[in-house]
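Worth knowing before you read on, the calculation uses all heavy atoms, side chains too, and leaves out hydrogens, waters and symmetry mates.
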Amino acid sequence: WPLLKDTIDTVMLKEPGTYHPFSYEQMYSAVYKCVCKHQAERLYADLIQHITKIISSWSQDLIRAKQLENEVTVIRKFHDVLQQYTTAMGSIVPIFIYLNRFYVESRLNTSLLAQFNFLFVKNFTDIHVNDIIGALAALQPLSISPAVKQSILKNLHDLNSQYCQLNTTLFSSHLPGIRAPMTEDDLQSQIE
């Protein structure tokens, strides 16, 4: 676990490309050994607890930033966390694929990625989504890059499609398929 925990910390807390590469084979082997030694339940519990701790610390950092920084800076920090999380999951889930296959999917009837996304939504995005969407809607045009704005909205939609209901206009102006398809009767109101 200490080896796996250090790797999780590296992937989740350091900016991608700033840390030395690690051996997926060594990490996968550690997970394999834990599962084979009937420690899958404990490994899963430790993993979930550690990921929750990191996500909660990100949330606390953003709460402090809201008190000290302007909205544009807070939005950028929110975006950075979304990017960090997404990138980290691309590394962490493959490391724990054996745990996922032989414990999480077979006994818990879910997947590690679904569990991690649930934790991220519960401990991070649900807490900040109203403030972020409100700030994005109120921003002056080009205060932040359109790519950053679209990335935030896409990631929020991917994590929980119900977030679109908070500001359908904002989401539909950046993502396709948010609103119902137009009909012929809608043409006149669209022209106006």
Minimum heavy-atom separation for Val11 and Ser91, please, with both atom names.
CG1-CB, 3.9 Å
Can you tell if the side chain of Ile8 reaches within under 4.5 Å of the side chain of Leu47, non-hydrogen atoms only?
yes
Would you call the rings of Tyr32 and Tyr28 parallel, tilted or perpendicular if under 30° counts as parallel and over 60° as perpendicular?
parallel
Quick one: does His128's side chain get under 4.5 Å of Lys66's, heavy atoms only?
yes
Is it true that the side chains of Asp9 and His50 contain a donor and an acceptor less than 3.5 Å apart?
yes
What's the spacing between Leu112 CG and Ile97 CD1 if we round to 0.5 Å?
7.5 Å
Atom of Ala40, atom of Leu99 and distance for their closest heavy-atom approach:
O-CD1, 3.6 Å
Could you tell me whether the side chain of Leu82 reaches within less than 4.5 Å of the side chain of Leu159, counting heavy atoms only?
yes
Side-chain H-bond candidate by donor/acceptor type, Ser151 with Gln83, under 3.5 Å:
yes
Using a 4.5 Å cut-off on heavy atoms from C-beta on, say whether the side chain of Val72 contacts that of Arg76.
yes
First locate atom CD1 of Ile54, then atom CD of Gln84, and finally report the distance between them rounded to the nearest 0.5 Å.
9.5 Å
If two hydrophobic side chains count as joined below 4.5 Å and joins carry through other members, does Leu13 share a cluster with Ile63?
no
Tell me, do Thr125 and Asn160 make a side-chain contact under 4.5 Å, heavy atoms counted?
no
For the CD1 atom of Ile127 and the CG atom of Leu62, what is their distance to the nearest 0.5 Å?
9.5 Å
Where the side chain of Glu105 meets the backbone of Ser111, is there a donor-acceptor pair that is under 3.5 Å apart?
no
Same hydrophobic cluster for Val93 and Val81, using side-chain heavy-atom links shorter than 4.5 Å among ILVMFWY?
yes
From CG (Asp46) to NZ (Lys5), nearest 0.5 Å:
9.5 Å
Test side chain to side chain contact (heavy atoms under 4.5 Å, CB included) applied to Arg42 and Trp1, step by step:
CA-CA 10 Å; Arg42 183 173 177 197; Trp1 172 243; over 6 Å; no
Between Lys77 and Asp80, is the closest basic N to carboxylate O distance under 4.0 Å?
no
Are any non-hydrogen side-chain atoms of Val121 and Val129 less than 4.5 angstrom apart?
no
Mark yes or no for whether Thr52, through its side chain, and Ile48, through its backbone, hold a donor-acceptor pair below 3.5 Å.
yes
For the atom pair CG (Leu136) and CD1 (Ile144), what is the distance rounded to the nearest 0.5 Å?
5.0 Å
Residue pair His79, Lys149: steps toward the side-chain hydrogen bond (donor to acceptor under 3.5 Å, both in side chains) verdict:
CA-CA 8 Å; His79 177 258; Lys149 192 173 191 179; over 6 Å; no
Stepwise side-chain hydrogen bond (donor to acceptor under 3.5 Å, both in side chains) test for Tyr163 and Asp126
CA-CA 9 Å; Tyr163 290 151; Asp126 277 354; 2.5 Å; yes
Short question: side chain of Asn100, backbone of Phe96 - any donor-acceptor pair under 3.5 Å?
no
Going by heavy atoms in the side chains, are Leu119 and Lys122 under 4.5 Å from each other?
no
Using the ring centroid of each side chain, check whether Tyr98 and Tyr103 are separated by less than 6.0 Å.
no
When the ring planes of Tyr85 and Phe120 are compared, do they come out parallel, tilted or perpendicular, using 30° and 60° as the limits?
parallel
Tell me, yes or no, whether the heavy-atom count around Glu41 atom CD, taken from other residues, nucleotides or ligands under 6.0 Å, exceeds 12.
no
What's the spacing between Ser59 OG and Phe78 CZ if we round to 0.5 Å?
9.5 Å
Give a yes or no answer on whether the side chain of Thr7 reaches the backbone of Leu3 with a donor-acceptor pair at less than 3.5 Å.
yes
Taking side chain as C-beta onward, heavy atoms only, is Asp131 less than 4.5 Å from Val74?
no
Test item: Ser56 side-chain N/O and Lys53 main-chain N/O as donor-acceptor pair under 3.5 Å:
no
